[in-house]
Amino acid sequence: MMRNPVVILSSFFVGSAVRNFSPFQFSTEPSDTLAVRGALTLLNCSVHSEFPAKIEWKKDGSFLSLASDDRRQVLADSSLLISSVVHSKHNKPDEGVYQCVATIDSLGTMISRTARLSVAGLPRYLSQPEAASVRVGDSHVLNCEVNPDLVSFIRWEQNKEPVELDQRVFTLPSGALVISNATEADAGLYRCVIDNAGPTKTSEEAEIQILPESGEERTLEFLLEPQQVSKVVGESVLLPCVVTGYPTAYVTWMHKDQLIEYRYSAINRSRALHPESDTSPQFLKKPANIYAHEATDITFECEVTGSPAPTIKWVKNGDAVIPSDYFKIIKEQNLLVLGLVKSDEGFYQCLAENDAGNVQSSAQLIILDQGSAGPTPSAPRDVVASLVSTRFIKLTWRLPAEPHGDDVTYSVYYSLEGNNRERIVNTSRPGEMQVTIQNLMPDTKYSFRVVAHNRNGPGESSAPLRVATQPEVQVPGPAPNLQAVVTSPSTVSLSWDMPLTGNGEIQNYKIYYMEKGMDSEQDLDVSTLSYTMTGLKKFTEYSFRVVAYNKHGPGVSTEDISVRTYCDVPSAPPQNMTFEVLNSKSIMVRWQPPPADAQNGEIIGYKIRYRKGTRKSEAAEITSGSQLYQLIDGLQRGTEYMLRVSAITVNGTGPATDWTTAETFESDLDETTVPDVPSSLHVRPLVNSIVVSWTPPENQDIVVRGYTIGYGIGSPHAQTIKVDYKQRYYTIENLNPSSHYVITLKAFNNVGEGIPVYESAITRPQSDPIDPDVDLYELFHAPYTPVPDPLPMLPPVGVQASVLSHDTIKVTWADNSLPKNQKITDARYYTVRWKTNIPANTKFKVANTTTLTHTVTGLKPNTLYEFSVMVTKGRRTSTWSMTAHGTTFETIPSSAPKDVTVVSKEGRPRTIIVNWQPPSEANGKITGYIIYYSTDVNAEVHDWVIEPVVGNRLTHQIQELTLDTTYYFKIQARNSKGMGPMSDAAQFRTPKGKPAHSWKTDMSMSGTGDNHILVIVIIVSVGAFTIILVVVGAFLCTRRTTTQQKKKRAACKSTNGSHKYKGNSKDLKPPDLWIHHERLELKPIDKSPEPNPVMTDTPIPRTSQDITPVDGSMDPMLQRQCSGQLLPWNTPSADLLPPSGQPSCTTDLSETDISYHSSATEEEPAFTTPIAHIRPTHPLKSFAVPAIPAYPMYDSAALPSTPLLSQTGPHSVKTASIGTLGRTRTPMPVIVPSAPDVSESSRLHEDAGSVSTFSFLLCSNSVTCKNMLMLFVFLFSSRSFNYIKRSLIIYTVATLEYQ
């Protein structure tokens, strides 16, 4: 919401103290400068302000530390003075881009325009002036080609006097001297002089002879022709055209096929504009100072012109302004600041730059305080959102309880929820208590508060009101046919069509683009259907998308489209070129590739150029792109060669390294063994030093690459120094006076160190003067060998690894052997090595650099790396530094989940199980997976069904699929950075449907334990309910007695009248059958009065006539009479058996089968009584056996035997026949069994039979009770309920018996 700052302030000036804008600007700014090595140079800068400003200087974007710098200092007028410019092949500390930074603590910071400081190279003449004879009236050109950066220092001398330049005699931009319309005064000796660039250097002298004109015709010849040139608007341009011949030629100039009305004999100088001229940026409108209150919006305007079109950058208090939701670049040049806060106060600068130069202009922003001079209103009441839309919200409220005045106005402050930066909207007139907030974002939460104002200022704020806008539906659709065409290594042309669904007029388009591997997008606004992106990086992949805007806001984005800019020649030479002389005819050259951002394409090779000495003719060899070394052989012995290397892409060859000098050996020496011992070693002690001299080994046929000197007090191993093979003396300094030192000397080569030679010396006392007769310089001077650093190479310290992205880590370190300012002034270089411990056998990778930092790229995401550094100076190297560690950031998975398989779940044809393995390149911790499945492999992704899965799962079950259908499955992994690619589609066809099974088969399946979990839940629920019904029903059934049963009980009592109860059954307590109940079993006891009792098995006959008789003999030890008395376990008695003709109540204790007995005919009664008993091998435990009364015998007609369930087919189970039951039971003896181990399946059948028999005994003639008990048996026939089933049966029996 834009508001004019003047309008905003009009209602707030009362009671506020307005600060004035402070003058703060640069009166002088630095400009591009060409410096000379060893000379002083000055970069001007001055600041105009009413307060003293702190001046600092930046070089290449970093602040200079000038406190300890004795070469560079800031003068009183803020200029930077470099007293002695340092510049060499490997050390260029002064060359770069400089910027002046001025800071006033109470106001802010400003930066000047940038200025480049270039250092001229060593003066050298590429061509010399040559002697010539010139006819009077002719023209002549004297060439003098020098370094391009030294052309401005050239001047000419004639007979060692400066040449006076005018329209006839003048110099060209190349430095050549042109003499037109020659006269006799032009004769003499000419030479070219390079002045003011260090020591004066002159060229060879060339004599010009002036001959009289002979009058003979000479052919016209162009000595110089115009060349293409680019100039900045307003500068002068010289277009040379020098012609010689006779008669004298007339030169005519044309511009764009039109004759220029200016003619001059032989040469013409003219001011002209080249078609390709550049213009430096110029301000059409500069930003202006602004007053504003907090929460308001302001715009800094900046309009710039230039050719090529300048790029605009905004800076606040010296720091670049990064576009965001509250800082926006509008109209490609203006800066919009939304919702001001106090920290926004300061100086804002508009910086414009193109190839022709750069300019800056500043403006100050002051945030006004809202003062108060009396009582202010209380908070407005009842703030509500009366209308909420997608893009606006209408707020209403009531008058404050204490307005303290009549003309009350209101301000509404609002912000995104969770953001402290607020914006403000004011009511249009006093007393108005509603406002509509426009230009909100759809489906976004905002926080609102209202403040009332009276003449004394703003009052209290209302409580925050949080409201969310509605989702947007009227925005434009995606722009179709988005195309990106690469037109050059740094430009891409984009085009698209209007959205098919615009939902109104399209106001503008926003292009979002992002470099591959970066985390944030950049954007720009355009109003046309095409745009050309410029200033892109060469050979870099970019992604583009376009969003259309209408009055409702941004529409649907297009899909990303990716292109890679064209490659180009490398823009930087290879790095860290080194060489090693192997023998008298070969040199090994090594190097590192150019920086990654300067390769501009794939490096396909390297070109090594070399030449002898300073000769111009050179040879070249080309290697493949992956080869970083080359052996140059076939060279001449003892010859100095110059070498340099350049990188090659498909577009051509890039810049080369500086020339490096190497000298081959005079002869081929042996390097298969270590050198011999040096032939002599001499020492001369002084007070604080010892001068060591030596001679090489006598065997000169072995290569010596240097010498190792060791020394120390009493031991030669305390300090070690290595010197060059040409060295013949060395001074060991910083020693203690009057101390005994032992010194050793060894020669070494690439094989190792040779035999040492020892010597000792005692340094002189402190008072001992130096012998004046000894001239050490004359004695030991070696003019061609510099004295090496006496200190050994120390490893770098303070190694740090700073993670920049998912594949980049920046390694920095310090070098204690450098000065405090850490400036490298020699030819040392550093080697960085790194590796990761996954896998454990990973090898180190290395890279060389000549700075104290190195950026390692191409690393794996989310991986821990270790780094170490060593320094090399000549032939001396340090040990590896201590390691630093860094873990790269995560990024989205770059590979899909692998080994995706789909299988059907056994017994569940409509359920499948999907299995997979994590992606091989997860690039972070996997937080989840998404399974996509569809019946159409070619369907759009949004049409597939998705199933989310947590990250620690590698399998998932999908249910309710359609039978006999082909499905396709894809899986996508997710980590904290986003979604990875999808896997390839895995195909699976569900099986065809199978026929329904019978009720018996379903019963059998339920016993296997493999049913669906839903079925198990239902069965358990029904089973629990059935248990309750069974227990209650069984209890009620046992209490139902009939008159016939009472009569039969009386008859039994009369038959066995001598047997009486030993006690009252009411006094008995139910036994604690939960003790050792896992050892209890129910055994059927059957005794038939007939000789042929029968046993029924499945299938069950429907009538008793179908029963086949079997042998029913019984062991007499296992029988007892109806009296209920227990038999002794080990003393069986035949007397206790009843007569053969007398019916009796007996129990069968057989352990081999569980069967249900009935009579052979319907008239013959049968009686079966189940009991829980103790096997003979186990003593009685846990509870006592109550007294058991005698039971009478019953004599009644047998009921028809009817199977409980009719069973057909091959699948059958054991069931019980309904026999002639209905007798009252005696209390059952309870004994603890000690059964042998049997199989689980046998126990299932045994338990089922026991419970079936038990159901008939309990329920007597009640059909409902029996059916309930059989359902109870079915539900608890599975293995998982065996434990509960057995316990409930025993407990129910004991409880019913007790009752």
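All values derive from a computational prediction rather than experimental measurement.
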Backbone of Ala896 reached by a side-chain donor or acceptor of Ser983 within 3.5 Å: no
What closest approach, in Å, do His806 and Thr888 show between heavy atoms, and which atom pair accounts for it? O-CB, 3.3 Å
Would you find a donor on one side and an acceptor on the other, under 3.5 Å apart, between the side chain of Ser1021 and the backbone of Ile1019? no
Mind running side chain to side chain contact (heavy atoms under 4.5 Å, CB included) on Trp496 and Asn481 for me, showing each step along the way? CA-CA 5 Å; Trp496 59 90; Asn481 196 26; 5.9 Å; no
Please check this pair: side chain of Tyr509 against backbone of Met498, looking for a donor-acceptor N/O pair closer than 3.5 Å. no
May I ask you to test the Met441-Leu416 pair for a side-chain heavy-atom distance under 4.5 Å? yes
Show the numbers, then the answer: is there a side chain to side chain contact (heavy atoms under 4.5 Å, CB included) between Arg466 and Glu417? CA-CA 8 Å; Arg466 293 173 176 82; Glu417 188 175 20; 3.3 Å; yes
Going through the distances and angles, do His885 and Leu864 end up as a side chain to side chain contact (heavy atoms under 4.5 Å, CB included)? CA-CA 7 Å; His885 297 82; Leu864 175 65; 3.9 Å; yes
Output the distance between atom NZ (Lys925) and atom CZ (Arg974), rounded to the nearest 0.5 Å. 12.5 Å
Strictly distance-based, threshold 3.5 Å: is any side-chain N or O of Thr1026 a donor or acceptor partner for the main-chain N or O of Val1022? yes
Here the salt bridge (charged side-chain N to carboxylate O under 4.0 Å, His left out) pairs for residues 926-947, sequence neighbours left out, are none
For Val547 and Pro554 the tightest heavy-atom approach is CG1-CB, 3.9 Å
Parallel, tilted or perpendicular: ring planes of Phe448 versus Tyr414, cut at 30 and 60 degrees: parallel
What are the two closest non-hydrogen atoms of Ala922 and Asn975, and how far apart are they? O-ND2, 3.2 Å
In Å, rounded to the nearest 0.5 Å, how long is the span from CG of Leu387 to OG of Ser389? 6.5 Å
Are there more than 12 heavy atoms of other residues, nucleotides or ligands under 6.0 Å from atom CE of Met518? no
If you measure from the Lys or Arg side-chain nitrogens to the Asp or Glu carboxylate oxygens, is any gap between Lys977 and Glu890 under 4.0 Å? no
Between Thr911 (side chain only) and Lys905 (backbone N and O only), is there a donor and an acceptor less than 3.5 Å apart? no
Distance in Å, Asn923 CG paired with Thr891 OG1, rounded so as to fall on 0.5 Å steps: 6.0 Å
Once rounded to the nearest 0.5 Å, what's the spacing between atom CD1 of Ile946 and atom CD1 of Ile971? 13.5 Å
Looking at Ser543, is its backbone amide N or carbonyl O close enough to the side chain of Ser562 to form a donor-acceptor pair, meaning the two atoms are under 3.5 Å apart? no
Student check: side-chain heavy atoms of Ile511 and Asp523 closer than 4.5 Å: no
Using modelled atom types only, decide if a donor and an acceptor are shared between the side chain of Thr444 and the backbone of Pro442 within a distance under 3.5 Å. yes
With side chains defined as the heavy atoms from C-beta onward, is the minimum distance between Val546 and Leu482 less than 4.5 Å? yes
Check the pair Ser895, Glu921 against side chain to side chain donor-acceptor pair (under 3.5 Å), reporting the backbone distance first and the verdict last. CA-CA 5 Å; Ser895 63; Glu921 298 178 359; 4.8 Å; no
Set out, in order, the CA-CA distance, both residues' side-chain angles and the distance that settles side chain to side chain donor-acceptor pair (under 3.5 Å) for Gln972 and Tyr932, then state yes or no. CA-CA 8 Å; Gln972 192 176 25; Tyr932 298 78; 2.7 Å; yes
The side chain to side chain contact (heavy atoms under 4.5 Å, CB included) partners of Asn915 (sequence neighbours excluded) come to Thr901, Val903, Ile913, Thr955
Taking all atoms of both residues into account, what is the closest heavy-atom pair of Ala484 and Leu494, and its distance? CB-CD2, 3.4 Å
Could you tell me which non-hydrogen atom of Pro499 sits nearest to which non-hydrogen atom of Pro480, and how far apart they are? CA-CD, 3.8 Å
Nearest-0.5 Å distance that lies between atom CD in Glu541 and atom NZ in Lys516: 4.5 Å
Salt bridge present between Glu559 and Arg545 (N-O < 4.0 angstrom): no
Let me know which of Asn419, Thr469, Val467 forms a side-chain contact (heavy atoms from CB on, under 4.5 Å) with Tyr446. Thr469
Walk me through whether Ile930 and Met979 qualify under side chain to side chain contact (heavy atoms under 4.5 Å, CB included). CA-CA 9 Å; Ile930 294 182; Met979 304 298 300; 3.8 Å; yes
Would a 4.5 Å heavy-atom cut-off, applied to side chains only, mark Arg910 and Gln959 as touching? no
Does any non-hydrogen side-chain atom of Thr863 lie less than 4.5 Å from one of Thr887? no
Do Ser447 and Leu465 come close enough that some side-chain heavy atom pair is under 4.5 Å? no
Cation-pi geometry met for Lys970 and Trp944 (6.0 Å, 45°): yes
Close side-chain approach of Thr966 and Tyr968, heavy atoms under 4.5 Å: yes
I'd like to know if the side chain of Gln470 and the backbone of Val388 have a donor-acceptor N/O pair within less than 3.5 Å. yes
Approximate separation, where rounding is to 0.5 Å, of Lys445 NZ and Leu440 CG: 15.5 Å
Does some side-chain heavy atom of Val914 sit less than 4.5 Å from a side-chain heavy atom of Ile958? yes
Presence of salt bridge, Lys860 and Asp807, under 4.0 angstrom: no
Test your reading of the model: is there a side-chain donor-acceptor pair from Thr558 to the backbone of Ala479, 3.5 Å cut-off? no
What heavy-atom pair brings His956 and Trp916 nearest, and what distance separates the two atoms? N-CZ3, 3.8 Å
Please confirm whether the backbone N or O of Asp964 pairs with a side-chain atom of Thr990, one donor and one acceptor, at under 3.5 Å? yes
Residue pair Phe988, Tyr967: steps toward the ring pair (Phe, Tyr, Trp, His ring centres under 6.0 Å) verdict: CA-CA 5 Å; Phe988 181 79; Tyr967 285 89; 8.4 Å; no
